[in-house]
There are 2 protein chains.
Amino acid sequence: MAETHDATAGDSWRERLRASGHRLTAQRELVLQAVDTLGHATPDEVLAEVRKSTSAVSLSTVYRTLDLLEELGLVRHAHLHDRAPTYHSTTSPPHAHTVCRRCGRVRELSQPRTAELVATFREGEGFEVDVAHLTVFGTCLDCEAPAG
Amino acid sequence: MAETHDATAGDSWRERLRASGHRLTAQRELVLQAVDTLGHATPDEVLAEVRKSTSAVSLSTVYRTLDLLEELGLVRHAHLHDRAPTYHSTTSPPHAHTVCRRCGRVRELSQPRTAELVATFREGEGFEVDVAHLTVFGTCLDCEAPAG
DNA sequence: TTATCTGCAAACCGTTTGCATATAT
DNA sequence: ATATATGCAAACGGTTTGCAGATAA
């Protein structure tokens with residue numbers, strides 16, 4: 001799956017950047033690293049993380065950079081809550097998320113279940129699911145949060 | 001499934017409104033009817049539809065009314081595109097949607113497949129899916145639109 | 001009569017854009 | 001040298017809110 005970049009080849013993306021006519025800037029390195037560090041983060045949170053080390057990044061650059069990194073396949077985004085989208089790195093294979101409305105817990109759908117879901121839609125519906133973008137809202141059956 | 005209101009009992013919702021301490025207004029009737037007419041509509045589109053017959057509705061009232069109607073279980077919303085959410089009436093049973101990114105086609109997931117999906121998550125993941133809110137993005141395998 | 005509802009306009013949040021400046025190549 | 005990238009501030013689209021006036025009960 002070409003969508004996943006290899007974490008051990010930490011340099012190749014810089015070449016990909018240049019190869020596609022883009023420039024390697026400090027901001028781009030900082031944003032990518034922040035996404036890697038944070039796990040699932042909104043543009044705002046990425047900015048905050050980057051600004052722990054330097055203030056040399058603006059919010060618009062964060063937006064522009066996240067778009068670019070997504071084009072290059074280095075990050076993906078999903079919609080885990082009503083607010084902003086969250087970005088995460090593509091070092092792990094694409095997976096769907098479940099989000100519990102009661103306890104707020106976010107879980108990644110297991111690899112086999114993801115595959116099963118994709119297969120079901122492909123064979124049953126003639127539809128290729130963009131599984132990385134898929135967020136399934138609902139409630140944990142055993143969730144301990146105050147019932148809605 | 002208590003979420004589905006019976007289209008043949010077109011009056012009961014007025015009683016439900018009053019029973020919950022709310023008032024029956026012309027705007028609320030107009031908004032509900034517009035949602036029924038339109039199928040899947042954004043707040044903006046609902047406003048436009050309502051204004052075909054009268055201008056006596058404001059956008060903020062549309063928002064407030066859609067929220068209320070959703071609380072009462074008369075409408076539901078899903079996120080079928082990047083812009084605004086779309087509202088539809090609950091006269092048909094809850095179902096997920098698939099949205100093709102190439103041709104833009106929106107399909108309702110069939111009843112049996114919806115049930116299968118819900119059962120899979122319930123039994124396999126201990127998770128109760130809010131299927132009415134679920135939108136699965138991807139691409140039709142046989143879609144005729146220009147390839148992305 | 002009075003609690004609820006409405007319209008309006010302003011505020012809000014996340015995001016995008018135009019433009020002058022800075023910088024990687 | 002020059003095309004690309006950046007920061008800033010303004011604009012944007014969708015949504016929410018405060019408040020004074022209107023209206024269902």
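Only a predicted model underlies this, so the values are computations on that prediction, with no experimental measurement involved. Order of the sequence lines fixes the chain letters, A, B, ..., with proteins taken first and strands second; residue numbering starts at 1 for each chain.
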(request) List in chain and number order the residues that pass ring pair (Phe, Tyr, Trp, His ring centres under 6.0 Å) with B:Tyr63, two or more places apart in sequence or in another chain; answer none if no residue qualifies. (result) none
(request) Please list, chain by chain and in numerical order, all residues satisfying side chain to side chain contact (heavy atoms under 4.5 Å, CB included) with A:Arg83, sequence neighbours excluded. (result) A:His81
(message) Please enumerate all residues that pass side chain to side chain contact (heavy atoms under 4.5 Å, CB included) together with A:Glu49, with sequence neighbours excluded.
(response) A:Ala34, A:Thr37, A:Leu38, A:Lys52
For [X] and [N], give me the distance from atom [atom1] to atom [atom2], rounded to whole Å.
| X | N | atom1 | atom2 | value |
| --- | --- | --- | --- | --- |
| A:Arg28 | C:dA22 | CZ | P | 18 Å |
| B:Leu72 | C:dC5 | CG | C1' | 15 Å |
| A:Glu29 | D:dT6 | CD | C1' | 16 Å |
| B:His77 | D:dG14 | NE2 | P | 15 Å |

(request) Can you sort out which residues in residues 78-86 of chain B have a heavy atom within less than 4.0 Å of DNA chain D? Ascending by number, please. (result) B:Ala84, B:Pro85
(message) For residues A:Leu80 and A:Val62: do they belong to one hydrophobic cluster (side chain heavy atoms under 4.5 Å, members Ile, Leu, Val, Met, Phe, Trp, Tyr)?
(response) no
(message) Holding to side-chain hydrogen bond (donor to acceptor under 3.5 Å, both in side chains), I want the full list of residues that pass it with B:Thr114, two or more places apart in sequence or in another chain.
(response) none
(request) Classify every nucleotide of nucleotides 20-25 of chain D by which part a protein heavy atom approaches to under 4.0 Å, writing B for the base, S for the sugar-phosphate alone and - for neither, in 5'-to-3' order. (result) ---BBS
(message) Working note: A:Leu134 + A:Leu109, criterion side chain to side chain contact (heavy atoms under 4.5 Å, CB included); need CA distance, chi angles, decisive distance, verdict.
(response) CA-CA 10 Å; A:Leu134 179 62; A:Leu109 199 63; over 6 Å; no
(request) Quick one: pull up OG in A:Ser55 and CG in A:Leu47 and give me the separation to the nearest 0.5 Å. (result) 10.0 Å
(request) Specify the residues of residues 49-69 of chain A, ordered by number, for which at least one heavy atom lies under 4.0 angstrom from an atom of DNA chain C. (result) A:Leu59, A:Ser60, A:Tyr63, A:Arg64
(request) Check whether any side-chain N or O of A:Gln27 sits under 4.0 Å from OP1 or OP2 of D:dG7, and answer yes or no. (result) yes
(message) Roughly what angle, to 10°, lies between the helix axis at the start of the helix from C:dT1-D:dA25 to C:dT25-D:dA1 and the one at its end, five pairs per end?
(response) 30°
(request) Tell me who clusters with B:Leu141, hydrophobic residues only, linked when side chains sit under 4.5 Å apart either directly or through other members. (result) none
Identify every side-chain donor-acceptor pair in residues 119-129 of chain A under 3.5 Å, counting partners at least two apart or on other chains, and give the distances.
from     : atom 1 : to       : atom 2 : distance (Å)
A:Thr120 : OG1    : A:Glu116 : O      : 2.9
A:Arg122 : NE     : A:Glu128 : OE1    : 2.8
A:Arg122 : NH2    : A:Glu128 : OE2    : 2.8
A:Glu125 : OE2    : B:Arg113 : NE     : 2.7
A:Glu125 : OE2    : B:Arg113 : NH2    : 3.4

(message) Could you check whether any side-chain heavy atom of A:Ser89 comes within less than 4.5 Å of a side-chain heavy atom of A:Leu74, counting everything from C-beta outward?
(response) no
(request) Could you note down all residue pairs passing side-chain hydrogen bond (donor to acceptor under 3.5 Å, both in side chains) where residues 65-75 of chain B supplies at least one of them, sequence neighbours left out? (result) B:Glu70-B:His77
(request) Only pairs at least two apart or in different chains count here, so list each ring-ring contact (aromatic ring centres under 6.0 Å, His included) that has a residue in residues 19-41 of chain A. (result) A:His40-A:His88, A:His40-A:His97
(request) Could you please spell out the steps behind the side chain to side chain contact (heavy atoms under 4.5 Å, CB included) verdict for B:Val46 and B:Val35? (result) CA-CA 6 Å; B:Val46 170; B:Val35 170; 4.0 Å; yes
